[in-house]
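Report on the following structure.
These numbers come from the heavy atoms of this one structure, side chains and all, not from hydrogens, waters or symmetry mates. Bear in mind that the values here come from a model prediction, so they are computed numbers and not experimental data.
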Amino acid sequence: MPVLVSNLQEEIPVEDNLYQLVEAVVMESLKAEGYSTEAEVGLIFVDDGYIQSLNAEYRGIDKPTDVLSFAMHEGEPMPEEEEAEDLLGDIVISLPTALRQSKEYGHSFEREVAFLSAHGVLHLLGYDHQTEAERQVMREKEEAILGRLNITR
């Protein structure tokens, strides 16, 4: 399964280990959900200004956020594996926001980026957190994915 990672920001240095980490998280997330290993996911690192413009355009919220997901199947049931398109969608992560949040939550920057990657994949697969019950399901899945990869607080 190709995970295409791009870095469109210059504020936070990105080492090879971060690319490897998010690739592993995306693959584990898809595996955990029983999804095709042939699927393609784009993951883009951006700065706050970039993600703020996307957030304003697509969600009507004119402020930075940590992660946005753009699913190819948004609002549709996920197709069966044999019918699935190769491209699931894109995940956009603001690295400056991830860095601030990692400090706020008292864990590593890498763990925060891994968490946001898992969160983004789950959105691509149709999960949401509009209700408390949905939020709890997503949180349990995110923590289980990170736990299988030994990514701890």
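- With a 4.5 Å cut-off on side-chain heavy atoms, Thr97 and Thr65 do not count as touching.
- Under the rule for a side-chain hydrogen bond (donor to acceptor under 3.5 Å, both in side chains), the partners of Asp62 that lie at least two apart in sequence or sit in another chain are Gln52.
- Atom CG in Leu88 sits 11.0 Å away from atom OG in Ser29 (nearest 0.5 Å).
- Note that CG of Leu8 and OH of Tyr50 are 5.5 Å apart. Values are rounded to the nearest 0.5 Å.
- Taking CG of Leu99 as the start and CD of Gln101 as the end, the distance is 10.0 Å to the nearest 0.5 Å.
- Every residue two or more places apart in sequence or in another chain that forms a side-chain contact (heavy atoms from CB on, under 4.5 Å) with Ala32 is listed here: Ile145, Arg148.
- For Gln136, the side-chain hydrogen bond (donor to acceptor under 3.5 Å, both in side chains) partners at least two apart in sequence or on another chain are Glu140.
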From CA spacing to verdict: side-chain contact (heavy atoms from CB on, under 4.5 Å), Leu68, Ile91: CA-CA 6 Å; Leu68 292 171; Ile91 301 165; over 6 Å; no

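- The line from CD1 of Ile44 to CG of Asp90 is 4.0 Å long, rounded to the nearest 0.5 Å.
- The CG atom of Leu95 lies 9.0 Å from the CG atom of Leu116; values are rounded to the nearest 0.5 Å.
- Among pairs with a residue in residues 115-153, those fulfilling ring pair (Phe, Tyr, Trp, His ring centres under 6.0 Å) read His119-His123, His119-His129, His123-His129, at least two apart in sequence or across chains.
- Pairing each heavy atom of Val46 with each of Val92, the nearest pair is CG2-CG1, 3.5 Å.
- Closest of all the heavy-atom pairs between Ser108 and Ser102 is O-CB, 3.5 Å.
- In this structure, the side-chain hydrogen bond (donor to acceptor under 3.5 Å, both in side chains) partners of Asn55, at least two apart in sequence or on a different chain, are Arg59.
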side-chain contact (heavy atoms from CB on, under 4.5 Å) between Val113 and Phe45, intermediate numbers included: CA-CA 10 Å; Val113 174; Phe45 297 138; 4.0 Å; yes

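- Within the structure, the salt bridge (Lys or Arg N to Asp or Glu O under 4.0 Å) test picks out the following pairs touching residues 125-139 (sequence neighbours left out): Glu132-Arg135, Arg139-Glu142.
- Among residues at least two apart or in separate chains, salt bridge (Lys or Arg N to Asp or Glu O under 4.0 Å) pairs with a member in residues 96-115 are Asp48-Arg100, Arg111-Glu143.
- In this structure Asp66 satisfies the salt bridge (charged side-chain N to carboxylate O under 4.0 Å, His left out) test with no other residue, sequence neighbours excluded.
- Inter-residue side-chain proximity for Val41 and Leu30 is flagged as met; some heavy-atom pair is nearer than 4.5 Å.
- Not a single salt bridge (charged side-chain N to carboxylate O under 4.0 Å, His left out) links Glu11 to another residue, sequence neighbours left out.
- In this structure Tyr105 satisfies the ring-ring contact (aromatic ring centres under 6.0 Å, His included) test together with His107, sequence neighbours excluded.
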All N/O donor-acceptor pairs, side-chain side in residues 13-22, below 3.5 Å, sequence neighbours left out:
none

Worked check of side-chain contact (heavy atoms from CB on, under 4.5 Å) between Ser117 and Ile93: CA-CA 8 Å; Ser117 299; Ile93 296 174; 3.6 Å; yes

CA sep, side-chain torsions, deciding dist, call: Leu124, Phe70, side-chain contact (heavy atoms from CB on, under 4.5 Å): CA-CA 7 Å; Leu124 292 182; Phe70 297 95; 5.6 Å; no

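- Nearest heavy atoms, Gly120 versus Ser69: O-OG, 3.0 Å.
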